[in-house]
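A short write-up of the structure that comes next.
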Amino acid sequence: MSETPSRPAGSETPPTGPGAETPPEAIKAIKLRHPWRMVLAIVLAAIAVLFIVDAAVNRPVYNWPEVGKYLFDVRVIEAAGYTLQLTIYSMVIAILLGVALAVMRLSPNPVVKSVAWAYLWLFRGTPVYVQLVFWGLIGVIYKTIDIGIPFTEPWVSFDTSDLFSYFFLAVIGLALNEAAYMAEIVRAGLLAVDKGQDEAATALGLGWWHTMSRVILPQAMRVIIPPTGNEVISMLKTTSLVTAVPFSLELFTRTSDIAAKTYQPVPMLIVASIWYLAITSILMVGQYYLERHFAKGVDQRPAPQKPTVETSAMAAVEPGELPGVVPPSNRPGGGA
Amino acid sequence: MNAAETPMVKAEAVSKAYGSNTVLRSISLEVKRGEVLCLVGPSGSGKSTFLRCINHLETVSAGRLSVDGSLVGYRQHGDKIYELHPKDAAKQRRDIGMVFQRFNLFPHMTAVENVMLAPTLLKKGQPKGQVKARALELLARVGLAERSDYYPSQLSGGQQQRVAIARALAMEPKLMLFDEPTSALDPELVGEVLEVMKELAKSGMTMIVVTHEMGFAREVADTLVFMDGGVVVEQGDPREVLSNPQHQRTRAFLSKVL
Ligand SMILES: Nc1ncnc2c1ncn2[C@@H]1O[C@H](COP(=O)(O)OP(=O)(O)OP(=O)(O)O)[C@@H](O)[C@H]1O
Ligand SMILES: [Mg+2]
């Protein structure tokens, strides 16, 4: 292919006529006032102050010194760590499995499609609490895992109760349930990407994997992340159900256990809530940065369609070049 | 027949049906190396479908379609024909560039990243610096050296389409397909895209262009093909077909677009 001399660089800006010199004066307007905003803010602040003073002085049941005593108790901090781990591990597994299920549901292969559908039907159709109880009983239902030829003596045999800790079962239980929801979120994201994107990537000679990972998924992320953030926060709170497995070291169960000994349930509920709120806040910050990353190239306002290069050169005569012709902006009465 | 004489594209009685709806009926045509073929016809006549068959975005239902001597989407062994593995079909497409009516740039990548994507992923041995230098060269060629770091949403339609052309050129294709590349553009932006395409034709690229720009066809095309209802009604030298159409249907169509 022969290289032709490239067009002169810098010819992208359209010519400006001599009329565009004096910028119009800035508008000096008197600001619109919003008196009711101020009133509303004062009323709300007053209510808040009343509530706080009341909670601090008149309600001994809150027992704030007790809250302060247990907020950074080693057992509580440990429990918050377990809750965070349960959330993160189960969400990571759920997202990976969800992506796989979403791709399977969009597959042309009817077998693969049905498997994904059946999975969704089962795991979305039963309460997560029930599923967690099931996972807890797995050691009773399947005492050993045998590897070998069916109906013959197994080669190796594992004891399930040795193999799976309650923590592990809790993660699996939460993850498999969540994957069904993640699958639908991911599928919605994939469907939201324009069909032309897939076509353009295919036409370039990219294979299925490259098309998915470089073109489709990064664009689907914009649609996937906000509801996934929702799911993560929801998962953080669902971890309080793993007591059904029974795994009892996470935040809610642990604080309840402490409260059962101190006979002071309310301060421990406040301790747990403060930790849940703290973790949620950290997760929300993470979501903000993720969203910003995947908004690349999308948030910019589209530039108005302007003639460029050849067309601007093609414009027969530049305004002002032709004697006797006054550009519209210079005429009395302004532009057209 | 030696390699130089193998036509770049050869269609022999190519047909395509969606279920019972036959969209292409026995299309036969040839595009030689370095030739530009313009494809015109009313909406729904099957122009896009034919173009998409050439790079195997659609499979043909009957007939033979080959690019540079090898069957599109199939492999012939003796007198048996085997379907290509998707990996091999993808490899075939790398030699064919395609430009779409709605540009289909990747919105999450800058202009230069759009151009670099395919070579980065597919030309494994090449150092990244070289791929980028080549991408910038291509952007300069379409007059957009200064816009290499802009996202598609920050470019005008004409600029986006020129980036799309550079992207299609990045894999150094031997054939370029254009599906109404200027139909989605404001009239004042059409010229800059046609200009790039003319330059490309002059440089010796083999091109098939679906277009309604009769001026472009007259000036650049070696062959003009008029399609209607899935059949080639008329083909020949563009000046002759345009000034002296032989068929009633061609005359009726041209009277509407000229
Ligand atoms: N995926 C599909 N399934 C069924 N029918 C289709 C499909 N794609 C195209 N067709 C039909 O094939 C016919 C030809 O379509 P095609 O897009 O090739 O026309 P065209 O000549 O490119 O028209 P236009 O000028 O409007 O782009 C149309 O009648 C269309 O309805
Ligand atoms: Mg079309």
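Below, chains carry the letters A, B, ... as their sequence lines are ordered, and counting in each starts from 1.
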**Prompt:** A:Leu204 and B:Leu122: side-chain contact (heavy atoms from CB on, under 4.5 Å), yes or no, with the steps?
**Reply:** CA-CA 10 Å; A:Leu204 278 173; B:Leu122 304 175; 5.8 Å; no
**Request:** List the steps and the verdict of side-chain contact (heavy atoms from CB on, under 4.5 Å) for A:Val215 and B:Leu117.
**Result:** CA-CA 10 Å; A:Val215 176; B:Leu117 181 70; 3.9 Å; yes
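Within the 4.5 Å cutoff, no side-chain heavy atoms of B:Thr110 are placed close to those of A:Lys296. Contact check for B:Arg102 versus A:Asp194: side-chain heavy atoms found under the 4.5 Å cut-off. Counting heavy atoms from C-beta on, the side chains of A:Glu199 and B:Arg52 come closer than 4.5 Å.
Enclosure of atom OH in B:Tyr18 by more than 12 non-hydrogen atoms of other residues, nucleotides or ligands within 6.0 angstrom is indicated. Crowding of B:Gln126 atom CD: a count of heavy atoms from other residues, nucleotides or ligands under 6.0 Å exceeding 12. Counting non-hydrogen atoms of other residues, nucleotides and ligands closer than 6.0 Å to NZ of B:Lys123 gives a total above 12. More than 12 heavy atoms of other shown residues, nucleotides or ligands fall within 6.0 angstrom of atom NZ in B:Lys174.
Considering only heavy-atom pairs separated by less than 4.5 Å from chain A, the leading option among B:Arg167, B:Lys91, B:Lys87, B:Met98 is B:Arg167. In terms of non-hydrogen atom pairs under 4.5 Å with chain A, the most contact-rich of B:His56, B:Met171, B:His108, B:Arg94 is B:His108.
With a 4.5 Å cut-off on non-hydrogen atoms, B:Pro107 touches chain A through its backbone and its side chain both. No part of B:Leu194 comes within reach of chain A, as not one of its non-hydrogen atoms sits under 4.5 angstrom from that chain. Proximity to chain A (any heavy atom under 4.5 Å) is shown, for B:Leu121, by both the backbone and the side chain.
The nearest pair of heavy atoms linking B:Phe106 to A:Ala200 is CE2-CB, 4.1 Å. Minimum heavy-atom separation, B:Asn104 to A:Gly196: ND2-O, 3.2 Å. The two residues B:Leu105 and A:Gln197 come nearest to each other via the heavy atoms O-NE2, 2.8 Å.
Note that CZ of A:Arg214 and CE of B:Met109 are 7.0 Å apart. Values are rounded to the nearest 0.5 Å.
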